[in-house]
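Excluded from the calculations below are hydrogen atoms, water molecules and symmetry mates; all remaining heavy atoms, backbone and side chain alike, are included. Residue numbers start from 1 in every chain, and the chains themselves are labelled A, B, ... in the order their sequence lines are given, proteins ahead of strands.
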Amino acid sequence: MTVVGDISAEAGRQAERPLRPVVNVSDLPSVVYGSRVVTWWGTVGFMAAEAATLSACVASYYYVLRNFESWPPLRTALPDLFIPTISLIVLILALVPTYLFARAAKRFDKRATVRWMWVAVVMMFIATGLRLMEFGALNVRWDANAYASVAWAVVFAHFTLLLADTLETLLFTVIMQRRDPARYYPGVAEDAFYSYFMVAVWIPCYVTVYLVPRWV
Amino acid sequence: MTWAGSIFDTAGTPAARIARLAWFLIIVSGVTYLLVLVATGIAMRRARARRTQGELADTRPETANRLTRNVAIATIATTLILLGYVTATALTGKAIAWPLNAQRPLTIEVTGHQWWWQFRYRDSVPSNWLTTSNELHIPVGRPVRVILLSNDVIHSFWIPELHGKQDLIPGHRNTTWIQADRPGVWKAHCAEFCGHQHAKMLFDVVAESPAKFDQWYIRQLASALPPTDSATKRGHDVFVQRTCIMCHSINGTEAGSNVGPELTHIASRPSIAAGSLPNTRVNLARWILNPQLIKPGVRMPPNALSPADMNALLDYLETLK
Amino acid sequence: MSATSFYRHCCRVAAVGTLLLGFACKREERRFTATYPSAPAYAAVTLDTLQPGVPSPELTVNSPAEGNAYDIAQGKLLFAQWNCTGCHSHGGGGMGPPLMDNEWIYGSSPENIVATIVEGRPNGMPSFRNRITANQLWQLAAYVRSLAGLEAKGPSPGRNDEMQYKVDEQRTPFRTPRASSSRNVPAKSERP
Amino acid sequence: MSAQPQPAERAVEPDPNSPASLHARLEQVWRNGPGLWGWLTSVNHKSIALRSIITAFTFFGIAGIEAALMRVQLARPENSFIGPDLYNQLFTTHGSAMMFLFAVPMVQSVALYFVPIMIGTRNVAFPRLNAFGYWTYLIGGVLLFSGLFTNTGPDQGWFSYVPLAGPGFSPGKRVDIWAQMITFTEIAAIVAAIEVIVTVFKQRAPGMSLNRVPPFVWAMVVMSFMVLVAMPYVATASAMLAMDRLIATQFFNYTEGGDALLWQHLFWFFGHPEVYIIFIPGLGMVSAIVATFSRRPVFGYTAVVLSLVAIGFLSFGLWVHHMFATPLPQTGESFFTAASAMIAIPTGVTIFCWIATIWSGRPRFDTPMLYVIGFIALFTIGGLSGLLLASVPVDLQITDTDFLPGHIHYVLLGGMVFPLFGALHYWFPKVTGRMMSERLGKVSFWLLFVGVNVTFFPQLLLGIAGMPRRVYTYLADTGWGGLNLTSSIGAGLIALGILLLVVNIARSLAAGPAAGADPWGGETLEWAISSPAPDYNFAYIPIVHGRSALWADTGDLDAVAGLREDRREVLQTTMLDAVPDSRHEHPDPTIVPLLTALAVGVGLIWGIFDPIGFDVGAVLMFIALAAWGWPQKTKPNSHEIVEVPNDRRR
């Protein structure tokens with residue numbers, strides 16, 4: 001094997017550097033919680049991307065708001081408050097079973113985890129149904145004017161988050177029901193962590209779409 | 001340095017101030033660039049010497065401190081250069097703004113269409129408003145406020161000899177101003193990509209003395225004279241009875257559509273087809289017969305005219321001084 | 001999975017790919033210098049299928065602007081710029097009959113529409129003979145058909161940058177055209 | 001109550017007879033499947049990254065041919081080689097392909113290939129997500145070029161300003177194809193960014209604390225954070241544009257309250273960080289090459305890393321310098337002049353540090369080092385011409401002229417492509433086990449260096465001469481013919497240089513001299529393993545004792561044993577000081593990422609023609625994601641050691 005170039009002593013080497021094991025890590029845990037596990041960081045990464053998407057929609061909302069003298073524009077009705085507020089309340093309430101199943105998951109208590117997960121899944125599906133009705137509560141078609149488009153954009157952007165979280169919780173519930181792998185408890189806790197984010201990020205959007213037209 | 005048509009061949013105060021700032025920045029950048037190259041060169045030569053003498057990399061603490069000092073000096077120098085750069089920019093920015101004490105400013109409203117320009121001279125007397133296309137006359141010495149509107153997509157109004165460019169954005173009312181300090185004839189290009197014929201969306205700029213400008217203005221205000229002899233009469237009939245009337249208008253005749261550029265004084269213009277073709281009889285004939293061969297994608301369709309009709313039409317159009 | 005076998009995969013995929021892409025998409029062609037069928041082609045078009053004796057074969061002229069996105073968009077621009085909206089008001093009808101519905105008094109095929117534009121029609125439709133070039137006639141006909149949803153959805157135009165007055169042509173549902181005579185338009189009182 | 005099952009037996013002690021049998025066992029576990037199925041189901045970070053690099057280079061070639069065609073058209077005034085319609089498609093797909101299909105995916109693929117082996121781990125953090133990212137990127141690239149080859153290539157410019165790109169003035173499906181390509185590449189970019197960040201935070205070799213992470217890895221992490229924040233903005237903007245064109249939303253319709261400038265703000269808020277996303281990895285590659293070829297660690301490690309982070313933050317604050325010619329308030333614009341000037345300071349610091357490294361080093365000017373010198377020479381012209389563009393008054397004269405393509409190409413070719421070609425010569429031995437020829441390398445470098453200058457310096461002059469950009473032709477009496485011809489000749493030189501580079505690669509692949517594990521004597525961990533690196537990278541995870549991992553001592557490297565050898569397991573360490581924290585089992589090769597990418601592909605491409613496509617795509621995607629999340633069949637003797645939350649070990 002010929003070696004190319006002016007490689008003086010301390011420059012290049014042919015063979016790979018031998019590795020001498022000095023530490024044994026076979027006793028390290030393989031199921032850990034919170035920010036020690038890799039998927040937690042992955043969830044935070046996706047949260048950052050989704051938060052950026054939502055901030056783009058909300059920023060566009062306020063940018064377009066600047067173009068109008070009256071907001072919502074003339075001959076456009078104000079969005080209702082009843083359905084959206086109910087939907088917000090259900091979403092916030094859905095955090096209660098979510099917190100409970102996260103706590104149960106940390107205690108490896110399978111029965112409690114699965115019980116509270118089903119409650120959380122049902123409440124989230126109710127919230128998803130209410131969100132679909134919310135589109136009607138906007139009282140305007142998406143193609144009426146720019147106000148309608150950005151309002152729909154904000155609500156739809158968050159709807160994708162809500163739907164994704166609901167289906168993910170459903171998936172984890174079905175998995176937890178059928179088998180009891182210890183390594184799925186951190187996954188369940190992370191799903192709860194994502195639900196907290198999903199609900200928290202909806203509150204500024206709710207204020208933007210439903211309350212700002214009343215204040216401006 | 002008057003490199004024809006470049007941003008240094010200036011004929012107005014704003015462009016001159018910008019050119020001066022540009023020169024300042026180019027020189028500063030050039031010097032900085034040379035310094036960086038020199039530093040790299042020295043570094044390479046100095047270090048190559050170390051290789052030939054077989055020494056190892058010099059990571060002694062005192063060299064590290066010396067290098068830290070050099071890098072710190074270079075960074076502070078960069079910061080100072082940038083500070084000078086930002087202040088020079090701010091000063092020039094103030095200098096090229098609209099002069100508040102402008103006397104007798106002329107206001108021109110520019111509307112961009114897909115691939116031609118429409119100028120409306122908003123005289124103080126509304127009945128004297130003049131609408132022309134693809135040719136901009138301005139009096140020397142008078143500040144001209146330019147209002148920029150667009151009818152379809154984003155274009156950009158830019159006369160390098162007079163001032164920087166400003167975009168014509170639909171839904172926005174953008175403004176800029178120009179002032180010619182010496183007479184001249186220049187060609188201006190649309191500077192924002194606007195579709196198939198962005199490349200040939202030009203207009204002529206004629207800066208002339210105020211007297212000549214007023215003469216031109218009065219002549220442009222006048223309507224077209226009715227045709228006298230039979231050839232131009234037939235040309236007039238071809239114009240108003242064939243496809244031309246659907247898009248073009250000539251004041252003083254029945255043609256009044258503002259879809260395309262108005263042609264009341266087409267013969268007085270130095271160029272046709274939005275400034276991209278010299279205004280000669282041959283070019284006009286080629287252009288009318290099939291504009292797609294000259295500017296593919298332009299909105300004007302090919303027109304099948306018999307040679308007799310074509311010659312009559314050309315005679316008529318040449319009377320529209 | 002050595003690098004060379006990976007290259008073999010790439011070449012195989014690329015070969016299949018180029019086979020598929022051989023055809024140029026006619027919908028998106030920008031034909032600037034093409035010449036469209038001129039006057040005599042649509043002059044001889046009959047507007048009714050009823051004929052004494054054995055009906056002679058229907059003369060069909062396939063319009064080059066059919067299903068071409070650029071031509072339909074040009075037609076939409078001309079429809080607005082030449083003030084067809086003055087009577088047909090963006091397709092909803094006013095003085096002129098509505099163009100968005102599936103009622104066609106003088107035929108819905110491109111050559112029928114071109115004949116209507118060139119000949120003009122009683123009750124106010126002006127004749128544009130010699131006023132509109134052949135290319136533009138077929139473009140206008142293609143746009144009028146897209147108003148009623150008779151053009152393919154892909155090339156049909158979307159909304160334009162104006163106040164929103166109707167659903168854009170891309171989302172207008174297709175309805176099979178129905179011949180109707182101008183006389184049996186229901187009296188004002190019976191209209192829904 | 002903590003389930004603490006005792007492991008049946010201790011991990012198998014390292015097989016006494018030889019590392020070869022350990023290699024055989026690990027290779028058995030970490031290998032890709034055989035043949036095409038193995039290729040489609042691979043989750044190994046090196047196979048996916050190499051595949052992505054080759055795909056990105058293919059798109060670079062195609063976009064390069066487009067550039068050559070454009071230069072032939074512009075060589076003479078009133079040239080009729082290409083008509084305006086094809087020319088507009090060419091320059092739009094050239095710009096879009098170079099930005100979205102070559103630059104960002106290439107730097108992320110280089111990151112996904114070298115970051116794991118530089119920080120001493122066996123695979124990237126989320127292997128299946130990595131595969132999904134590549135397939136989504138591939139679908140986006142194929143979509144754009146299938147559009148171009150069927151005459152439906154986008155023709156509205158790579159930043160697609162709205163009224164022209166809107167439904168009113170862009171008939172047909174050309175702009176929709178562009179908008180969906182953006183969505184595909186943006187998904188792939190965010191996914192890759194998350195992987196790089198999490199890999200560097202959680203899977204560094206023990207001992208590699210944050211201040212011992214190589215500058216190359218720091219550059220990739222900063223780039224990934226910028227992708228995470230910037231890309232969603234272009235995704236939202238392109239989704240808004242697609243909805244404007246498909247279901248008549250009014251985001252950009254000024255008569256209904258929308259605004260054309262909304263698109264420009266959203267796009268350039270992503271657009272400017274995008275060019276820094278492309279340029280910062282170039283800085284990372286340069287610092288890796290300079291350190292090795294100057295035979296000393298990079299001078300001012302802290303200064304370089306802090307500058308990279310500063311560039312990352314500052315790049316989000318100067319997007320309006322793309323919009324000086326629009327009716328924005330004057331004072332606002334001068335703020336952005338100051339911000340644009342400020343970002344030149346950290347960039348300057350990094351370049352000064354590298355010059356200092358060369359100054360005090362013992363540099364050997366092989367091809368990679370030549371490319372670094374080329375980087376310093378070309379990028380500085382790009383940066384300084386950028387300063388001209390950042391000053392509002394001068395920008396009003398030279399923006400949207402040919403000055404801008406000149407500036408862009410000096411910054412991107414000088415700032416990213418030259419470091420990339422240097423990195424290609426530097427890491428080619430590690431990827432393929434063979435050396436590239438120095439002679440051919442130097443010739444292609446000089447061809448490229450002269451070619452870039454001969455092509456793009458005339459464009460700077462043309463900009464000053466007043467030639468607008470994106471023109472398919474220009475009049476003869478403008479006097480721009482000479483400079484354009486020079487530029488076209490330069491483009492020929494560049495094409496020659498690229499051709500020679502490809503010849504060099506092909507020749508070296510076929511018959512290059514064997515390179516061995518560490519031909520250049522590098523300081524980072526990837527030079528400790530054999531080349532081409534085995535699928536599992538490190539038999540034992542090495543322990544790092546200093547900033548230059550391999551230069552600290554020349555003896556055996558300390559390492560960590562105990563990871564399972566009968567299934568894919570990776571060591572995870574704490575974020576700050578990389579203390580071993582837990583073991584994580586990685587998934588086996590699976591087809592699900594490809595299916596999920598196809599589901600997303602079906603959804604988005606059908607969505608171009610009919611809004612129902614998005615719903616069908618969403619349903620398919622959720623089904624695929626359910627399969628993704630479904631637990632794989634439990635392997636024999638799988639017993640996890642479970643950590644009860646309150647027993648935290650920092």
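Between the side chains of B:Ser156 and B:Asp167, at least one donor N or O lies within less than 3.5 Å of an accepting N or O. Side-chain polar atoms of B:Gln114 and B:Asp152 form no donor-acceptor pair below 3.5 angstrom.
Relative orientation of the B:Tyr316 and B:Phe239 rings is tilted, given thresholds of 30° and 60° on the angle between their planes.
Contact of B:Val153 with chain C is not made at all, since no heavy-atom distance falls under 4.5 Å. For C:Arg131, the parts lying near chain B are the backbone and the side chain together; criterion is any non-hydrogen pair under 4.5 Å. The parts of C:Asn130 that come within reach of chain B are both its backbone and its side chain, each placing non-hydrogen atoms under 4.5 angstrom from that chain. Contacts between C:Gln136 and chain B at a heavy-atom distance below 4.5 Å involve the side chain alone, from C-beta outward. Neither the backbone nor the side chain of C:Leu78 comes within contact range of chain B, judged by heavy atoms closer than 4.5 Å.
Atom CG in B:Leu148 sits 9.5 Å away from atom CZ in B:Arg173 (nearest 0.5 Å).
Residues B:Trp117 and B:Phe203 place their aromatic rings such that the two centres sit under 6.0 Å apart.
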